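Everything numeric in this text was worked out from a predicted model, so none of it was measured. Convention: sequence-line order gives letters A, B, ...; per-chain numbering from 1.
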There are 2 protein chains.
Amino acid sequence: MEAKRATIKDVAEAAGVGVATVSRVLSGGSASPATRERVLAVAAQLDYRPSALGRNLRQRRTGGIGLLVPDLTDTFFGQLAEGVLACARSAGEPVVLGSTGDDPEQEAELVGMLLEQSVDRVIAVPSGGADTWEPAARAGMTVVFADRLPAERPGDALSGSAPGPVSGSASASTADLMLLDGVPPPPPVPPVPPTGVPAVLADDRAGIRTAVRYLRGLGHRRIAFLGGPGHDRRVAAFREAVGPQVDDDLVVFATGSRDSAYAAASGLFQSRPDLTAVLAGGNVLGEAAVLAARELDLRVPRDVSLVMYDDVPWAELCSPPLTVIAQPGRDIGYRACELVLRTAGRRPRTVVLPTELIVRGSCGPLR
Amino acid sequence: MEAKRATIKDVAEAAGVGVATVSRVLSGGSASPATRERVLAVAAQLDYRPSALGRNLRQRRTGGIGLLVPDLTDTFFGQLAEGVLACARSAGEPVVLGSTGDDPEQEAELVGMLLEQSVDRVIAVPSGGADTWEPAARAGMTVVFADRLPAERPGDALSGSAPGPVSGSASASTADLMLLDGVPPPPPVPPVPPTGVPAVLADDRAGIRTAVRYLRGLGHRRIAFLGGPGHDRRVAAFREAVGPQVDDDLVVFATGSRDSAYAAASGLFQSRPDLTAVLAGGNVLGEAAVLAARELDLRVPRDVSLVMYDDVPWAELCSPPLTVIAQPGRDIGYRACELVLRTAGRRPRTVVLPTELIVRGSCGPLR
DNA sequence: CGCCTCCATGGAAACGATTCCATCATGGTT
DNA sequence: AACCATGATGGAATCGTTTCCATGGAGGCG
C-alpha cells in the first residue's frame with residue numbers, strides 16, 4: 001500500500017538499460033529515439049520522479065532559493081514574497097522562507113540554516129549589517145537584497161529615539177524653508193550598494209522627495225518623519241529633501257512592532273503639537289499614525305496631513321483615503337528573484353524601481 | 001578565498017579519528033570523553049557544519065516542512081504563515097513555501113514539487129479537493145490542513161453566482177424569522193474532517209452563528225453573505241444560522257481576486273437594495289464590501305451593517321471601525337505546525353480554535 | 001588465570017542521482 | 001578491405017552523511 005517511490009535504478013531495470021542512459025534521456029542528453037521512447041514510457045508508467053535529494057548531493061547545491069523577510073504580517077512583504085514566488089515557480093525552484101522579525105540575530109541564525117541546507121541563493125530584506133552578510137557571501141552564497149540595503153555599520157539601524165512620554169518641546173528652529181519646488185529633479189542617482197551585492201530597491205529618494213515637495217506645496221513647513229527598522233535610506237532622503245535645517249525632534253523611530261509604532265506616533269503627536277504633516281516610512285507606521293491621530297482627536301487632514309510610504313489595499317478604505325507613496329512590492333520581489341537566478345557568476349547589478357505619489361485624501365492645505 | 005565547506009571527512013582526518021566517530025559525536029552517540037572533546041574542538045575550529053544534503057539522502061527525507069497558502073497578500077495568511085514559521089524555527093526545521101492562488105492546478109503542481117524535494121510534511125490551506133490530497137497522502141506525506149478542509153467533491157468550491165449587473169430582484173420570501181436568539185448554543189460540535197487528515201480550524205460555525213445572532217438582535221432580517229474560495233464551511237454555517245428560509249440571492253460568491261470580490265459586493269448591493277446587513281466571509285471580501293458600499297453611497301452602518309470575518313489591523317482604521325469575527329491566524333499556523341511535527345505516525349487529530357466577535361462600529365440597529 | 005562482556009572505534013555500505021570514461025557497433029572514407 | 005570517426009551505451013565513481021558490523025582492548029567475574 002505504502003508504495004515507495006521508484007528510483008532511477010528501477011526504471012533502468014524495467015527498461016532494460018543502464019542508469020546512465022535513463023539519466024541522459026531524462027535530462028535531455030543524447031540517446032537513440034528508440035531507447036528514449038522506451039525509457040520515457042517506462043518512467044511514466046512507474047510514475048518515476050527523480051529525487052531532488054540525489055541530484056542535489058551530486059551537484060553539491062540544493063538549488064532552492066532562500067527568502068528572508070522581516071515580517072509576513074506586513075502586507076508589503078507579503079506582496080514582495082508573492083513576487084518572488086511567482087518568479088521562482090516559473091523557474092521551477094522551491095523557495096525556503098524565513099521571517100526574521102527584524103532581528104539581526106534571528107537573521108544570522110536563519111542564514112546559518114540556509115547554509116546548512118546548501119541553499120546557495122538568497123533574497124533578503126536585510127536586518128543585520130555587513131557582519132551578517134559578509135560571511136554569507138564569503139561562504140559562496142549568491143545574495144540579492146530587496147527593498148533595503150544592510151546597515152553600513154554593524155548595529156546602527158535603530159539608533160533613533162523611541163520617544164518616551166515627552167522628550168523635548170524645544171521647537172526652536174523650524175524655519176526650514178528652502179523652497180526647491182521649482183528646481184528640476186536631479187537625474188535619479190541610484191544609491192550605490194555598500195558591498196558588491198546586487199539589490200532591487202524602490203526609488204525611495206525620489207518618492208520621499210516628491211512627497212515632501214507635495215506637502216511643501218500645500219504650505220506645510222513642520223513635517224515629521226516616522227521611521228522604522230530598515231528605513232535609513234528613507235530618513236536620509238527625508239533629511240535631504242527637507243534641507244539642512246531639519247528639526248531633529250521631528251524625526252522619530254520605532255522598532256518593528258505595531259505597539260512600538262503606535263507609541264512612536266503617539267509620542268510624536270504629543271511632544272510636537274505644532275507639526276502639521278507626517279510622513280510615515282511604512283504601512284505599519286502609517287497605520288499607527290492614523291490610530292494615534294484618532295486617539296488624540298487630531299483630524300486628518302484638517303489638523304494634520306499624512307502621507308504613507310507603501311500603497312496597500314486598505315489605504316483606500318481609510319477615511320479619508322490615504323495619500324501614499326506607492327512602491328511596487330511584487331515587482332521588487334520578482335526582479336530580485338530574476339537577479340538571483342541569473343547573477344550566477346556575473347557581476348552584480350542594482351535595480352531601482354520607480355515609486356509613485358498617489359494623491360488621495362489625507363493631505364490638505366496648511367490652515 | 002572561496003574556501004569550500006569542510007566535510008565530515010576533513011574533520012575526521014584533522015582529529016585523527018574515523019568519520020563514523022565524528023558522526024556519532026555530533027549526533028550524540030556514545031564516545032569517550034577524550035575523543036568527544038577533541039572532535040568537537042576540531043569541528044569548531046574548522047567551522048564544520050554537517051550538510052543537510054548528505055544526511056537527507058541517507059535518511060531518505062528532507063525533513064523540511066511544506067507550507068501551501070492561497071495568497072500571502074491576504075493578511076490572514078500572512079499571520080498564519082508567521083505562526084508556522086515560529087513553530088518551525090523553534091524545531092529547527094526549514095519551511096518551503098508555495099502560494100497557490102486558490103488554483104487547484106497550481107496547488108497540485110506545488111505538491112508535486114514538494115514530493116520531488118522529498119518534503120514529506122505539509123501544512124496546507126487547501127484549494128483543491130480530495131483528488132489532489134488523496135494521492136499526496138498516499139505518497140507518504142503527512143498533511144495537516146489549516147483554516148479549511150478540502151472540498152468534498154472535486155470541483156465544487158466556486159459554485160455560486162458571480163453576479164453580473166443584476167440577476168434577479170425577485171425579493172419574494174424574506175420572512176426568515178425563526179428567532180433562535182434565546183436558545184442556548186448547542187455544544188460546539190467539531191466539524192468532522194472528511195478524510196483521516198488532521199486539521200486546525202477556527203470555529204467558523206460558532207463565529208458565524210454569533211455574528212448572525214448579533215445582527216438579528218439589532219433587528220436585521222435580510223442578511224447577505226459574501227463568500228470566497230474555501231468558505232464553504234462558513235456558508236454552510238451561515239445557512240444553518242439563518243435557518244431554513246435562506247434567501248439564496250443573498251448568498252454570493254467571488255473568486256480569490258480583489259476585483260472579483262469587488263464585483264461580487266457591488267453586484268450584491270445593486271441587485272438587492274433591500275438588504276440591511278452583510279457578512280463578509282474574509283478580509284478581502286470585507287474590504288470589497290466597504291469599497292463597494294462607499295462607491296454606491298451606502299453609509300455604514302446607517303444604510304447597511306457590516307460584519308467581517310477575520311480581524312486584521314486595518315479593521316480598526318476604517319470609519320467606522322469594522323465589527324469583526326476574529327480568528328487566531330497565528331495560532332492556527334502554530335498549532336498546525338505542531339501537529340505536523342508530532343503526528344508522525346499517530347492517528348490524526350483535529351483542532352478547533354475559538355473565534356470571537358469583536359464589536360466595533362460597523363453595525364447598527366435596523367432603521 | 002582465563003573467559004566473557006561491553007564499549008569505543010573505524011571501515012564500508014547505503015542513499016539516488018549525475019557524469020566521466022571506456023567500450024562497442026556502425027557507417028563512411030581512403 | 002582496412003581504418004577511423006561518431007554516437008549510443010553501460011559501468012563505476014562521486015557527492016556527504018548515517019549506520020551496520022567487525023575488531024580490538026580493557027575490565028570484571030568465575
Side-chain angles (χ1 to χ4, degrees), chain A residues 3-40 42-43 46-64 92 94 113 115-120 139-140, chain B residues 3-40 42-43 46-64 92 94 113 115-120 139-140:
Chain A
K4 69 178 170 102
R5 279 168 57 188
T7 74
I8 198 176
K9 213 168 149 191
D10 299 329
V11 177
E13 214 160 300
V17 297
V19 290
T21 304
V22 176
S23 174
R24 264 188 300 258
V25 167
L26 260 29
S27 47
S30 72
S32 76
T35 5
R36 148 162 284 118
E37 198 178 344
R38 190 149 36 99
V39 169
L40 288 177
V42 171
L46 259 51
D47 190 31
Y48 169 70
R49 314 197 42 160
S51 157
L53 256 39
R55 175 183 11 225
N56 293 344
L57 176 56
R58 173 64 218 240
Q59 313 188 329
R60 293 207 263 179
R61 44 184 299 269
T62 287
M113 188 260 280
L115 224 37
E116 189 163 320
Q117 300 290 326
S118 302
V119 172
D120 58 354
Chain B
K4 69 178 176 82
R5 279 169 57 189
T7 74
I8 198 176
K9 215 169 150 190
D10 300 326
V11 177
E13 215 160 299
V17 298
V19 292
T21 304
V22 176
S23 174
R24 263 187 301 256
V25 167
L26 261 29
S27 48
S30 73
S32 78
T35 12
R36 150 162 284 118
E37 197 179 344
R38 189 149 37 99
V39 168
L40 288 178
V42 171
L46 260 53
D47 190 32
Y48 169 69
R49 315 196 41 160
S51 157
L53 256 40
R55 176 184 9 228
N56 293 343
L57 175 56
R58 173 63 218 237
Q59 315 189 324
R60 296 206 261 177
R61 46 185 297 270
T62 287
M113 189 260 281
L115 226 37
E116 189 164 319
Q117 300 291 326
S118 303
V119 172
D120 58 355

Between [options], which one does the side chain of [X] approach most closely?
X: V19(B); options: dA8(D), dT18(D), dG10(C); result: dT18(D)
X: T7(A); options: dG10(D), dA8(D), dG16(C); result: dG16(C)
X: S30(B); options: dA8(C), dG10(C), dG16(C); result: dA8(C)

> Which sits closer to the 5' end of DNA chain C, T21(B) or L53(A), going by the nucleotide each is nearest to?
Replying inline: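 Closest to the 5' end, via its nearest nucleotide, is T21(B).
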>> Closest-nucleotide mapping onto DNA chain D: is R24(B) or K9(B) further toward the 5' terminus? I mean the 5' end.
In response: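 Looking at the nearest nucleotide for each, K9(B) comes out on the 5' side.
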> Is there a donor and acceptor pair, one atom on the side chain of R58(A) and one on the base of dT18(C), closer than 3.5 Å?
Replying inline: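 Side chain to base: pair found, below 3.5 Å.
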Any base atoms under 4.0 Å from [X], or only sugar-phosphate, or nothing? Heavy atoms, all strands.
X: T35(A); answer: sugar-phosphate
X: G18(B); answer: sugar-phosphate
X: A20(A); answer: base
X: S51(A); answer: sugar-phosphate

> For the residue pair P94(B) and Q117(A), what are the closest heavy atoms and their distance?
Replying inline: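 So the two residues come closest at CG-NE2, 3.6 Å.
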> Rounded to whole angstroms, how far apart are CD on Q59(A) and P on dT18(C)?
Replying inline: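 Nearest whole value for this atom pair: 7 Å.
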>> For a 4.5 angstrom cut-off between non-hydrogen side-chain atoms, does L26(B) reach L40(B)?
In response: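 Touching, per the 4.5 Å side-chain cut-off.
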> Say you draw a straight line from CG of D10(A) to CZ of R5(A); how long is it, rounded to the nearest 0.5 Å?
Replying inline: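 With rounding to 0.5 Å, CG (D10(A)) is 11.5 Å from CZ (R5(A)).
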> Between S27(B) and S23(B), is there a donor-acceptor pair closer than 3.5 Å when you use the side chain of the first and the backbone of the second?
Replying inline: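 Judged by distance alone, yes, a pair lies under 3.5 Å.
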